[in-house]
Amino acid sequence: MGMEAKRKMRFAMVCSSNMNRSMEAHSLLGRAGLDVASYGTGTHVKLPGPSLHEPNVYDFGTPYNVIYDDLRRKDPDLYKRNGLLPMLKRNTSVKLAPQRWQDNASDGLFDVIFSFEERVFDLIVDDMHNREQRMLKNALIINMDVKDNHEEAGVGAKLALDLCQKLEGADEDWEEIIDDLIITFEKHHKRKLTYNMAFY
């Protein structure tokens, strides 16, 4: 086994607002010792409000604790009941604020970019193709659709961890094993995965 195979992989977890699905996965992968970051692809961070037509909207970069205080001031009972306050509390223990995928060029390269929604996957693929490719270093982009609720985010995070650990632990480069790995994963977990490749 060459030294290259021993290099630690870098993982990015991406959903729309960098609040629930990507943060649940970021938290879990981080605790498992993987090198992980997380992002959202939306224009703004959107969280459910008192009605469907009144979401809470914030800019990316607004610290999780600021959003937490804002919601607690607005309606502590509602946001505790719908799980937003506990979720934001969890997020503050992982990092400072939601980050936007499209603004992350200075964060360096990722080996694996994992999304939880087809629309997010498409935005990442487009964004990677629009970037200037200088290094010719390839990145694997994987999507697994996960409903945006707390329970499903927990399930999705465990599945993402399973797949990322298999990629991290493989002796060969991911290009050699990805087809077999995905077929086995889909059979075992009864989840459909989509993947693509991009270059930095």
Quick one: does NZ or CZ of [X] land under 6.0 Å from the six-membered ring centre of [Y], within 45 degrees of the ring axis?
X	Y	value
Arg10	Phe110	yes
Lys80	Tyr68	no
Lys74	Tyr79	no

Just checking, is any N or O donor in the side chain of Glu117 or Asn143 under 3.5 Å from an acceptor N or O on the other one?
->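 The answer is no; no qualifying pair exists.
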Answer yes or no: is there an ion pair linking [X] with [Y], defined by an N-O contact shorter than 4.0 Å?
X	Y	value
Asp148	Arg21	yes
Arg73	Asp69	no
Asp162	Lys158	no
Arg191	Glu152	yes

Supply the atom-to-atom distance Leu161 CG to Glu24 CD, rounded to the nearest 0.5 angstrom.
->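 That separation rounds to 11.0 Å.
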Are Ile142 and Ile183 joined in one hydrophobic group, where the rule is that I, L, V, M, F, W and Y side chains link up if heavy atoms are under 4.5 Å apart?
->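 No, because Ile142 and Ile183 fall into different hydrophobic clusters, even though each may have its own neighbours under 4.5 Å.
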Does the side chain of [X] reach to within under 4.5 Å of the side chain of [Y], using non-hydrogen atoms?
X	Y	value
Thr41	Arg100	no
Cys164	Met9	no
Val14	Ile113	yes

For residues Phe60 and Tyr58, establish whether the separation of their ring centroids is below 6.0 Å.
->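 No: the rings miss the under 6.0 Å criterion.
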So which heavy atom on Met23 is nearest to which on Asn18, and how close?
->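 Nearest pair, atom of Met23 first, then Asn18: CG-O, 3.4 Å.
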